[in-house]
Amino acid sequence: MPIIAKVIVDTPAMTVDRPFDYLIPEQWQDVILPGMRVAVPFGPRQLLGYVVAVADVTALTDTKKLKEIVDIFDVRPVLTPEMLALGEWMAQDSLNFRISIFQTMLPNLMRGSYEKYFVLKNWDNTAAVKLFEGSETLDWKAVKDSEFVTALQRWIQAGDIETVYRVSSKETKKTKRALKNCLTETELIASLESLGNQAKAQRKCLAMLLELEATELWVDEAKARGISDAVLRSVAEKGWVTIFSKEIDRDPYANHHFEKSEPLDLTTDQETVFQRIFEVQREKIAKTFLLHGVTGSGKTEVYLQTIAEALKLGKQAIMLVPEIALTPQMVERFKSRFGKKVAVLHSALSAGERLDEWQKIEREEADIVVGARSAIFAPLTNIGLIIIDEEHEATYKQEDYPRYHAREVALWRAQHHQCPVVLGSATPNVESFARATKGVYELLELPERVNNRPLPTVEIVDLKDELRQGNTSSFSTVLLDKIKDRQQKGEQTVLMLNRRGFASFVMCRDCGFVPECPNCSITLTYHKLRHQLKCHYCGHQAPMPPQCPSCQSEHIRQYGTGTQKIEEELLELLPDIRIIRMDVDTTSRKGAHEKLLTAFGNGEADILLGTQMIAKGLDFPNITLVGVLNADTALNVPDFRASERTFQLLTQVSGRAGRHQLLGEVVIQTFNPDHYSIQLAQYQNYIAFYNQEMGLRKLTGYPPYYLTALIQVTSTDERKGEETIANITGFLKRELNEQTILLGPTPAPIAKIKNRYRYQCLIKYKVEPNLRDVLRRVLETYQKEIRNGLTVSIDFEPYTMM
DNA sequence: AGCACGCCGACT
DNA sequence: GTCGGCGTGCTC
């Protein structure tokens, strides 16, 4: 009989990132299992914790220290043994805290909610009774900032009051009012006859109940049939029906109807790819495929059919898509093919909806999970296939704690379940493609668009020439002519404004002064709506100065371009053009994204104007022109992946044009027409891009030729930060191989955020078997410095180095 | 992360 | 003398 539970407690700190032993009270001795959530006393507090193991003995020498588990929150484990093992691996591999990992694996509502309150014990203490306002308890929050804190401390010492810490789960169920018929058919008829003539509404109600086959009915529905609340109350009073709250699942797609779709015929290429994946599915081995298919080559149909095979084999499947591509269009495709078997997880769900979807998976009511990054932790127990669409997308890497890459988690789970992983992309991550050429992954290709649709023709426009010809607008002559042409033909245009590394800022024309955030080393962004300057990192706001604060000149104005400004500019050039604008402003409301896309799909606009969010997943037959207004802003970012990102973005957005009957055209406007990432995007020539990029990576010593880890130090004290990063770099130099390259120490590209100075050092290495141990030692050393406003963080294979 | 414990300066 | 500041160590 296990009497000891090993528990990871809810405190994300290095010193407690290990299991603590607790006694299992007798009544729970065969109830508590690994993976369950419990409440445990931890120091003076009570915390939520995850049982990671049960045992007969404790390794603790002083067994008097053992405390008992005080509460349990689950009847069955919420974390499977697989998830516990995965969590352990993630903790070791990425130096994450175990508690943070477990919490990301589960819906937010399963986290603990904490209460602290006082209980009055001595009612003779009149001052206390007064403060408690005659009640037995007093909430800590109500007094924590008041002048009574010292008095309370005194009373605790005297034993007049006690502090109570309580942890509970936040889970709630959504309920809906329902009515239950308490009468038999004969009783119903009798009651009907007993009613007087004036009780027409009650008669109608009973008549309805008679017709009803079920004994229960939603109150909503009764109302819809013309039975009012008042009538329900009177029949309930007579005991004929009871009204109660019934738990329901929140189904975010409850009001959608999905047309059933059938598998499409596959092209020869699709068939070859499908068969190869299917072969491995039957063999039940862990193998990773890289599916390189040009835009419009029908990757999604292959996904759908391999998933169908997984189901036929009695298995389940996970399909990850970038958050931004988790559009209603995408969900529609899955729901219409697989119906109720699909669970969808994305950031637009409310906490309750997310919990319900999770539970639907846990109860094995869903066999297919479609979702963004964290859906890789879906509690499926019999996975037969994992697909990551647009595998090159940066959103698969979580950049804050716990740091993880969904691709790596997918590979781990595939190993556990012995099933294939399919990484799909038109523009694979350079590292992934390198692995495919080396045979670590198996390369599968879809080189042609379905129905032999040609790729769109791409024209590159040099904005320097436009300027020379005196065109200072955001639209080149070529692009504007083509837009006009489409408008006349009734075809549609997608315009993308690339916002990466780019925002509208303010500058003084006379002295060049640019307003910066006082807390962060970043230029302030101009917001037209409020006529304000805003910092995107700390939220600092300032009014737009009427004069230059530096030279008093009035020639201070906004530079750079936002979608709003583009919209105005275009309306000035083409007054009768209909534009739908998609950016953070117009899509922040729930469902707005879907609404705008539907409107565009219905032909309610000539132009869809947006930021990167429109580059993916759009599939409308009438789009024949794609314009990229500024292709190169992403090139100016200090990041070794800048070219790769630019190439990927341009290729993706170009792929939106001419996907169906009509031919597509693309216009790319740039100041760097000769840059290889732009040149090669013109022909969607991934292989040429890959080769060129690999040459550069080799020369500069970046992935995949080197592995990387980024150490970042932040400090409120500039000197201390500088000192610390220097010490760490020195330490690393001593501990690591001679061949390992250390870039730094240097200030981070954004040298200050929220008044914290930032420094970094990039480790580039080939073989470092002890790297994790060495870095763990670094973290341990500076762990106590957190108190002095210093943080040290480590990111393996970073995606952004800002 | 919190919280207690403990060691120093400035007050009744 | 003691109240309360915050540096340090511990939590099964």
Side-chain angles (χ1 to χ4, degrees), chain A residues 2-26 28-29 32 34 36-72 84 91 95-104 108 111-118 139-141 143-159 161-168 170 400-402 714-717 720 724 779-793:
Chain A
I3 55 158
I4 300 291
K6 296 182 179 292
V7 177
I8 300 289
V9 294
D10 182 11
T11 298
M14 209 177 185
T15 41
V16 292
D17 183 33
R18 61 185 174 85
F20 284 80
D21 287 0
Y22 285 89
L23 283 168
I24 306 177
E26 209 171 324
W28 290 328
Q29 278 180 0
I32 287 190
M36 281 183 178
R37 293 171 304 153
V38 291
V40 290
F42 195 69
R45 293 175 296 159
Q46 196 183 101
L47 295 178
L48 183 132
Y50 295 89
V51 177
V52 290
V54 290
D56 301 321
V57 286
T58 174
L60 206 68
T61 40
D62 183 6
T63 49
K64 283 196 295 297
K65 275 189 177 174
L66 283 176
K67 290 182 185 171
E68 285 195 342
I69 287 176
V70 295
D71 202 358
I72 64 176
L84 293 172
L95 306 182
N96 286 315
F97 299 135
R98 285 157 183 81
I99 189 68
S100 318
I101 298 167
F102 292 148
Q103 293 193 325
T104 18
N108 270 214
R111 291 183 188 190
S113 99
Y114 293 95
E115 275 178 286
K116 177 179 173 181
Y117 59 92
F118 302 108
D139 198 37
W140 164 240
K141 276 199 218 87
V143 284
K144 95 171 156 63
D145 299 318
S146 72
E147 70 270 32
F148 301 114
V149 176
T150 40
L152 286 163
Q153 281 173 343
R154 233 182 13 251
W155 296 338
I156 291 168
Q157 290 234 306
I161 61 172
E162 252 175 36
T163 325
V164 178
Y165 298 86
R166 265 191 50 203
V167 54
S168 53
K170 285 192 280 195
D400 43 275
Y401 282 116
T714 76
S715 174
T716 42
D717 179 33
K720 192 159 197 170
T724 307
L779 287 179
E780 272 161 16
T781 310
Y782 293 97
Q783 144 75 21
K784 51 186 172 295
E785 294 282 346
I786 293 171
R787 288 197 170 98
N788 309 323
L790 188 116
T791 67
V792 180
S793 67

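Bear in mind that the values here come from a model prediction, so they are computed numbers and not experimental data. Chain A is the first sequence line, chain B the second, and so forth, proteins listed ahead of strands; every chain is numbered from 1.
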Distance, nearest 0.5 Å, that separates OH of Tyr117(A) from CH2 of Trp140(A):
15.5 Å
In chain order, what residues pass the salt bridge (charged side-chain N to carboxylate O under 4.0 Å, His left out) check against Lys720(A), with sequence neighbours excluded?
Glu785(A)
Does anything in residues 37-49 of chain A form a side-chain hydrogen bond (donor to acceptor under 3.5 Å, both in side chains)? List the pairs, not counting sequence neighbours.
Arg37(A)-Asp74(A), Arg37(A)-Ser169(A), Arg37(A)-Glu171(A)
Residues forming a side chain to side chain donor-acceptor pair (under 3.5 Å) with Thr63(A), sequence neighbours excluded:
none
Phe42(A): partners by ring pair (Phe, Tyr, Trp, His ring centres under 6.0 Å), with sequence neighbours left out:
Phe20(A)
Under the salt bridge (charged side-chain N to carboxylate O under 4.0 Å, His left out) rule, collect the residues that match up with Asp400(A), sequence neighbours excluded.
none
How would you list, by chain and number, every residue that makes a side chain to side chain donor-acceptor pair (under 3.5 Å) with Ser113(A), sequence neighbours excluded?
Ser168(A)
Not counting sequence neighbours, list each pair that qualifies as a side-chain hydrogen bond (donor to acceptor under 3.5 Å, both in side chains) and has a residue in residues 13-22 of chain A.
Lys6(A)-Asp21(A), Asp17(A)-Arg98(A), Asp21(A)-Thr58(A)
Protein and nucleotides 4-9 of chain B: nitrogen or oxygen contacts under 3.5 angstrom:
none

Lys6(A) side-chain N/O to dC12(C) phosphate OP1/OP2 under 4.0 Å:
no
Summarise how protein sits on nucleotides 2-7 of chain C as a single string, 5' to 3': B when a protein heavy atom is under 4.0 Å from the base, S for sugar-phosphate-only contact, - for no contact.
------
Does Pro12(A) have any side-chain contact (heavy atoms from CB on, under 4.5 Å) partners at least two apart in sequence or in another chain, and if so, which?
Phe97(A), Ile99(A), Ser100(A)
Nucleic acid contacts of residues 16-23 of chain A, taken as heavy-atom distances under 4.0 Å to DNA chain C:
Val16(A), Arg18(A), Phe20(A), Asp21(A), Tyr22(A)
May I ask you to evaluate whether Lys116(A) reaches the phosphate of dC3(B), defined as a side-chain N or O under 4.0 Å from OP1 or OP2?
yes
The side-chain contact (heavy atoms from CB on, under 4.5 Å) partners of Tyr401(A) (sequence neighbours excluded) come to Asn96(A), Arg403(A), Ser793(A)
